[in-house]
Structure formats: structure tokens, C-alpha cells
Engineer: 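Let me give you the structure first, and then I'll get to my questions.
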Amino acid sequence: MTFAAPSDGVDVRIRPFELADTEPVVALWRAAGLVVPWNDPYRDIERKLTVQPELFLVAEATGADGAGVDGAESDGADGRVVGTAMVGYDGHRGWVNYLAVDGAHRGGGLGARLMAEAERLLLERGCPKLNLQVRSTNTAVIEWYRRLGYELDGAVGLGKRLIPDGPVPAAIAHGRAPGPRNRLGP
């Protein structure tokens with residue numbers, strides 16, 4: 001799937017993740033504030049590649065101008081990672097984690113297009129509903145999803161770490177701190 005992001009004139013192609021994308025994807029997640037000590041992004045990528053790897057989406061610039069993940073000017077080369085979405089379907093619900101858009105490309109519709117592609121792929125598989133987890137304090141992202149047609153479910157998300165990637169700060173482990181501002185998934 002290829003499209004031009006209207007606000008920045010950059011052509012972008014959404015495609016499945018490839019192993020060579022690992023470092024640019026992790027750099028994007030770090031820049032977007034999605035990486036926390038208790039979720040090792042490399043392990044999360046390894047895990048995703050064992051389950052529905054075709055649903056791990058990467059948005060790649062295909063003739064870009066502008067700034068890259070690190071804020072430096074791009075040389076216009078194709079292939080720069082500017083967005084991601086880690087999609088999954090368990091036979092009952094669909095999920096999206098690690099939705100991230102390069103800061104230079106936010107506001108141009110790329111996040112919405114990644115979500116539309118996630119929805120399309122889930123519908124292809126017969127998925128009746130897509131669920132998301134967003135920190136309750138991240139009101140800007142909650143409003144963004146609402147504009148895309150998502151509603152608060154009234155459900156409480158619970159989690160239990162079965163395989164630790166790193167230490168979880170005590171305040172977060174006991175539910176007293178909201179975590180990073182941009183964190184969208186577990």
C-alpha cells in the first residue's frame with residue numbers, strides 16, 4: 001500500500017516488517033517514548049516475529065524530504081522508517097501495539113492510515129473488534145483515537161508479567177504512577 005501524506009508531501013509505503021528494519025524501528029519507538037525498561041523492544045520484536053509476523057507493519061518513506069527519526073535532514077533516500085503498528089488477532093479480538101509515527105510526519109494522516117491498514121488486515125481475518133490500551137493520563141492520544149471512531153469500553157485493563165524483560169519500578173508495579181506519556185501498549 002503506497003500513499004502520499006498530504007501535509008508533508010512524502011510518499012509512504014506500508015509493508016510488513018523486515019529484519020533489516022530492527023534498528024530504525026527501535027529508534028523510532030525510543031523517539032516516540034514507547035520504550036520503557038520493563039519492555040525490551042528487541043525481545044518484543046523477536047516475539048512478534050514468531051506470531052503473525054505479517055501483521056507487524058512498517059511505514060517507509062519512498063522518496064522523502066524532511067527530518068528523520070533523529071531530527072536530522074533526510075538525504076531523500078527511499079526506505080526510511082517513519083511509522084509502525086504491531087497488529088495481532090487471537091481469534092476473538094484484534095490488538096494494536098507500538099503504533100508510532102516519526103515526529104516530522106505527525107499530523108499528516110500517517111497514524112490514521114496505519115490504523116486503517118490494521119483494521120483492513122483484521123477484517124480480512126474475520127476479526128469482529130479491535131481493542132487498544134492507552135494510559136488513562138494520555139488524553140491527547142485518547143482523543144485522537146476517538147476521532148478515528150474508537151470509544152471507551154468501560155473495561156479495566158489488567159496485566160501480569162509472565163516473562164520479565166527488566167525491572168518494573170515499584171510505583172508502577174503497584175499502580176501509583178502513569179508511566180511514560182506516549183506509551184500505547186503493554
Engineer: Taking 4.0 angstrom as the limit, do Asp153 and Lys129 come out as a salt bridge?
Structural biologist: yes
Engineer: Flag the pair Val12 / His105 as yes when at least one side-chain heavy-atom distance between them is below 4.5 Å, and no otherwise.
Structural biologist: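 Of all side-chain heavy-atom pairs linking His105 with Val12, none is under 4.5 Å.
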Engineer: Verify, without hydrogens or angle tests, whether Asp102 (side chain) and Ala104 (backbone) share a donor-acceptor contact under 3.5 angstrom.
Structural biologist: yes
Engineer: Quick one: CZ on Arg113 to CD1 on Ile14, what's the gap to the nearest 0.5 Å?
Structural biologist: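 If we round to the nearest 0.5 Å, Arg113:CZ and Ile14:CD1 are 8.5 Å apart.
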Engineer: Less than 4.5 Å apart, side chain to side chain, heavy atoms only: is that true for Leu57 and Leu121?
Structural biologist: yes
Engineer: Flag yes if Val51 and Phe56 sit in one hydrophobic cluster, no otherwise; membership is Ile, Leu, Val, Met, Phe, Trp, Tyr, and two members link when side-chain heavy atoms are under 4.5 Å apart.
Structural biologist: no
Engineer: Is there a path of hydrophobic side-chain contacts, each under 4.5 Å between heavy atoms of I, L, V, M, F, W or Y residues, that connects Val35 with Leu49?
Structural biologist: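 Same hydrophobic cluster.
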Engineer: When you measure from the side chain of Thr84 to the backbone of Tyr98, do you find a donor-acceptor pair of N or O atoms at a distance under 3.5 Å?
Structural biologist: yes
Engineer: Over all heavy atoms of both residues, which pair between Ala118 and Val87 is shortest? Give the atoms and the distance, please.
Structural biologist: CB-CG2, 3.5 Å
Engineer: Sequence neighbours left out, what passes salt bridge (charged side-chain N to carboxylate O under 4.0 Å, His left out) with Glu60? Give chain and number order.
Structural biologist: Arg13, Arg15
Engineer: Any link between Leu148 and Val134 through a network of hydrophobic side chains (Ile, Leu, Val, Met, Phe, Trp, Tyr) touching at under 4.5 Å?
Structural biologist: yes
Engineer: Check for a donor-acceptor pair, side chain of Arg125 on one end and backbone N or O of Cys127 on the other, with a separation under 3.5 Å.
Structural biologist: no
Engineer: Is there a continuous path of hydrophobic side-chain contacts, each under 4.5 Å between heavy atoms, that joins Trp95 to Val25?
Structural biologist: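 Not linked; separate clusters.
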Engineer: Assign the ring pair Tyr150 / Tyr145 to parallel, tilted or perpendicular, where the plane angle (0 to 90°) is split at 30° and 60°.
Structural biologist: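 Perpendicular: the ring planes of Tyr150 and Tyr145 meet at over 60°.
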Engineer: Report the C-alpha distance between Arg47 and Ile163 in whole Å, list the side-chain angles of each, state the deciding distance to 0.1 Å, and finish with yes or no for side-chain contact (heavy atoms from CB on, under 4.5 Å).
Structural biologist: CA-CA 12 Å; Arg47 291 171 180 137; Ile163 300 172; 3.7 Å; yes
Engineer: Once rounded to the nearest 0.5 Å, what's the spacing between atom CH2 of Trp29 and atom CG of Leu99?
Structural biologist: 11.0 Å
Engineer: Shortest non-hydrogen contact from Ser136 to Ile142?
Structural biologist: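 That closest heavy-atom pairing would be O-CD1, 3.8 Å.
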Engineer: If the threshold is 4.0 Å, N to carboxylate O, is there a salt bridge linking Arg43 and Glu46?
Structural biologist: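 No, no charged N to carboxylate O under 4.0 Å.
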Engineer: With a cut-off of 6.0 Å (strictly less than), are more than 12 heavy atoms of other residues, nucleotides or ligands near CD of Glu151?
Structural biologist: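 Incorrect, the count does not exceed 12.
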Engineer: Would you call Glu124 and Arg120 a salt bridge, taking side-chain N to carboxylate O under 4.0 Å as the test?
Structural biologist: yes
Engineer: Provide the closest heavy-atom pair for Ala32 versus Arg106 in the form atom of the first, atom of the second, distance.
Structural biologist: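 Of all heavy-atom pairs spanning Ala32 and Arg106, the closest is CB-NH2, 3.6 Å.
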Engineer: Applying salt bridge (Lys or Arg N to Asp or Glu O under 4.0 Å), which residue pairs with at least one partner in residues 88-97 are found, sequence neighbours left out?
Structural biologist: none
Engineer: How long is the gap from CG on Asn97 to CG on Leu34, to the nearest 0.5 Å?
Structural biologist: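 The CG atom of Asn97 sits 10.0 Å away from the CG atom of Leu34.
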Engineer: Please answer whether the main-chain N or O of Arg135 pairs with a side-chain N or O of Asn138 as donor and acceptor at a distance below 3.5 Å.
Structural biologist: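 No.
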Engineer: State the CE-CD1 distance between Met86 and Ile45, to the nearest 0.5 angstrom.
Structural biologist: 6.0 Å
Engineer: Compare every heavy atom of Phe17 with every heavy atom of Val58, then report the nearest pair and how far apart it is.
Structural biologist: CG2-CA, 3.7 Å
Engineer: Identify the two heavy atoms, one from Leu114 and one from Ala100, that lie closest to each other, and give their separation to 0.1 Å.
Structural biologist: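 Looks like CD1-O, 4.0 Å.
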Engineer: To the nearest 0.5 Å, what is the distance between CE on Met115 and CG on Leu110?
Structural biologist: 12.5 Å
Engineer: Tell me yes or no: between the side chains of Glu23 and Tyr42, is some donor less than 3.5 Å from an acceptor?
Structural biologist: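 The criterion, which ignores hydrogens and geometry beyond distance, is satisfied for Tyr42 and Glu23.
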Engineer: So, Arg161 side chain and Trp38 main chain: donor-acceptor pair closer than 3.5 Å or not?
Structural biologist: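 Checked: pair present.
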Engineer: Do Arg80 and Val82 make a side-chain contact, defined as non-hydrogen atoms from C-beta onward lying under 4.5 Å apart?
Structural biologist: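 Arg80 reaches Val82 side chain to side chain.
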Engineer: Do you know the tightest heavy-atom contact between Pro24 and Val81?
Structural biologist: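 That closest heavy-atom pairing would be CB-CG2, 3.8 Å.
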